[in-house]
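Following: one structure in structure tokens, then a few remarks.
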Amino acid sequence: MLWFVLTTGACNLACKYCGGSFRNEHSPWRPRAAPGEVAKFIASRDSSPVVFFYGGEPLLNPQYIAEVMDALGNARFGIQTNGTLVKRLPTELWRRFSTVLLSIDGPKEVTDYYRGVGVYDKVVEALRWLKNEVGCRCKVIARMAVSSRTRLYRDVVYLLGLGFDAVHWQLNVIWTEEWGPAEFLKWAEESYLPDVARLRDLFLAEARRGRVLGVIPFLGIYRALLVRPYDWVPCGAGKHSFAINTDGRVLHCPIAVSEKWATAGHIKIGIKNGVKLKDKCLTCEYRHVCGGRCLYTHYEDYWGEEGFDAVCQVTKRTIQILEEGAPILAELMRGGVVRKEDIDYDPLLDSTEVIP
Ligand code: SF4
Ligand code: SF4
């Protein structure tokens with residue numbers, strides 16, 4: 001199981017697509033749930049947990065991280081951070097992480113436009129520090145928000161070139177005012193989907209040389225097409241993953257701190273399941289690959305039905321573009337050029353959502 005542990009509701013940045021901190025009443029900036037209690041709750045339910053620190057910005061509360069890590073010696077650890085405060089955690093703790101997600105959108109002009117001036121330099125410094133000075137053997141993933149200024153091919157190739165082990169992205173859709181469904185679809189047709197196809201060609205060209213590029217949406221989709229399908233949203237929300245909020249509530253999804261449907265329980269009481277996807281997923285021909293994409297959007301329809309369908313349209317096209325290359329990858333797997341393990345991607349180990 002994947003467990004997100006929120007260490008604070010506060011964030012030191014206010015990125016354009018997010019806005020920054022959660023409100024104190026929804027996710028207390030100083031946790032009311034003690035780290036020991038949180039660790040005990042996880043340990044009582046899971047003998048081999050995957051624990052990801054989350055926020056707000058989790059590194060605003062490094063002590064909390066240290067205490068949870070101390071109490072959960074057998075867990076696999078990861079963190080989703082904006083990368084600006086990495087030196088707050090001692091190097092010996094960084095060496096215990098398996099996965100580190102640093103938020104960065106691409107080149108400096110794109111990242112700093114959306115995240116704030118100077119953020120790009122800090123994230124790149126964090127990457128170099130973790131790799132060269134800390135000697136962290138963790139997988140460092142660039143976590144992109146893809147928006148109207150993104151040029152997908154350019155930005156993913158750029159980030160891989162910077163030394164990230166992998167790149168994951170999410171589309172800035174549904175809960176954004178940057179654009180609406182029609183404008184998003186136009187951009188997807190003109191820029192995004194052609195770039196998905198170019199990136200697929202690069203991915204396959206490298207695979208022919210026996211090198212599997214860390215393009216996480218591709219790994220996650222090819223896993224479903226060629227190795228094992230998804231039976232639920234790939235992020236696991238509400239079934240295979242839960243978040244523990246700083247007030248002790250257990251949530252189906254780590255961003256849903258204020259939405260009533262998202263409370264699954266409390267660390268002092270337990271967990272009740274009970275979330276479901278929209279009916280249209282049940283009859284969708286891509287359900288086994290998409291899994292329903294994002295549970296949150298099944299409940300919070302900010303863009304309405306039209307917006308949900310626009311995102312589905314892009315999801316289906318993305319899957320189709322990758323499907324076109326699937327026979328080549330299958331052949332490479334059969335021939336032993338690419339190992340099955342390299343394609344059998346498990347998003348729950350990295351806390352990635354797979355479907356952009
Ligand atoms: S593409 Fe849309 S309808 Fe199909 S499974 Fe994904 S979210 Fe559901
Ligand atoms: S993909 Fe959606 S449901 Fe899953 S963790 Fe992210 S916001 Fe929550």
Side-chain angles (χ1 to χ4, degrees), residues 1-6 17-19 22 26-27 50 52-55 78 80 101 103 141 143-146 168-176 181 184-185 188 193 196 216-217 220-221 224-225 229-245 249-259 261-264 273-323 347-356:
M1 291 271 292
L2 166 62
W3 301 90
F4 290 99
V5 173
L6 281 78
Y17 23 61
C18 162
F22 289 130
H26 296 144
S27 184
V50 178
F52 267 74
F53 297 103
Y54 197 88
Q80 295 202 19
L101 291 114
S103 299
I141 301 174
R143 185 179 172 81
M144 303 166 69
V146 163
H168 180 52
W169 68 87
Q170 262 206 301
L171 293 166
N172 179 31
V173 288
I174 309 258
W175 48 79
T176 179
F184 160 68
L185 273 180
L193 291 169
V196 169
I216 286 184
I221 290 172
L225 289 170
Y230 299 106
D231 62 356
W232 185 242
V233 285
C235 67
K239 261 196 190 170
H240 312 301
S241 78
F242 290 96
I244 302 178
N245 192 21
R249 278 182 303 133
V250 183
L251 308 174
H252 290 300
C253 155
I255 68 162
V257 295
S258 64
E259 295 78 357
W261 61 267
T263 298
N273 288 336
V275 277
K276 60 183 186 64
L277 306 180
K278 283 182 192 282
D279 285 348
K280 61 178 70 174
C281 293
L282 304 178
T283 52
C284 174
E285 70 273 36
Y286 290 110
R287 168 82 194 278
H288 64 296
V289 185
C290 168
R293 188 176 169 269
C294 162
L295 179 70
Y296 188 92
T297 59
H298 290 255
Y299 287 85
E300 304 298 328
D301 241 357
Y302 298 126
W303 268 8
E305 212 56 23
E306 182 201 358
F308 190 90
D309 292 346
V311 177
C312 285
Q313 200 177 314
V314 172
T315 298
K316 289 175 188 174
R317 280 296 299 135
T318 301
I319 294 170
Q320 286 160 0
I321 289 167
L322 293 185
E323 240 175 352
L348 299 178
L349 298 181
D350 284 343
S351 78
T352 51
E353 307 87 345
V354 170
I355 304 295

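Side chains are part of it too, since the values below use all heavy atoms of this structure and drop only hydrogens, waters and symmetry mates. Just so you know, ligand 1 is whichever comes first in the structure, and atom 1 is the first atom listed for that ligand.
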Determine whether [X] and [Y] make a side-chain contact, defined as any pair of heavy atoms from C-beta on separated by less than 4.5 Å.
| X | Y | result |
| --- | --- | --- |
| H252 | F242 | yes |
| V250 | T263 | no |
| T297 | W175 | yes |

Quiz item: Roughly how far, to the nearest 0.5 Å, is OH of Y230 from OH of Y286?
Solution: 16.0 Å

Practice problem: Look up atom OG in S27 and atom OH in Y54, then write down how far apart they are to the nearest 0.5 Å. | Solution: 10.5 Å

Self-check item: Check: D350 side chain, G78 main-chain N or O, donor-acceptor pair, under 3.5 Å
Solution: no

Quiz item: Going by chain and residue number, what protein N/O/S atoms come nearer than 2.8 Å to atom 4 (Fe) of ligand 2?
Solution: C235 SG

Quiz item: Take atom NZ in K276; do more than 12 heavy atoms of anything else shown fall under 6.0 Å from it?
Solution: no

Quiz item: Quick one: salt bridge (charged side-chain N to carboxylate O under 4.0 Å, His left out) partners of R287, sequence neighbours excluded?
Solution: none

Practice problem: Report the residues that fulfil salt bridge (charged side-chain N to carboxylate O under 4.0 Å, His left out) with R143, sequence neighbours left out, ordered by chain and then residue number. | Solution: E353

Quiz item: Taking atom 2 (Fe) of ligand 1 as the center, what protein N, O or S atoms are found at less than 2.8 Å?
Solution: C312 SG

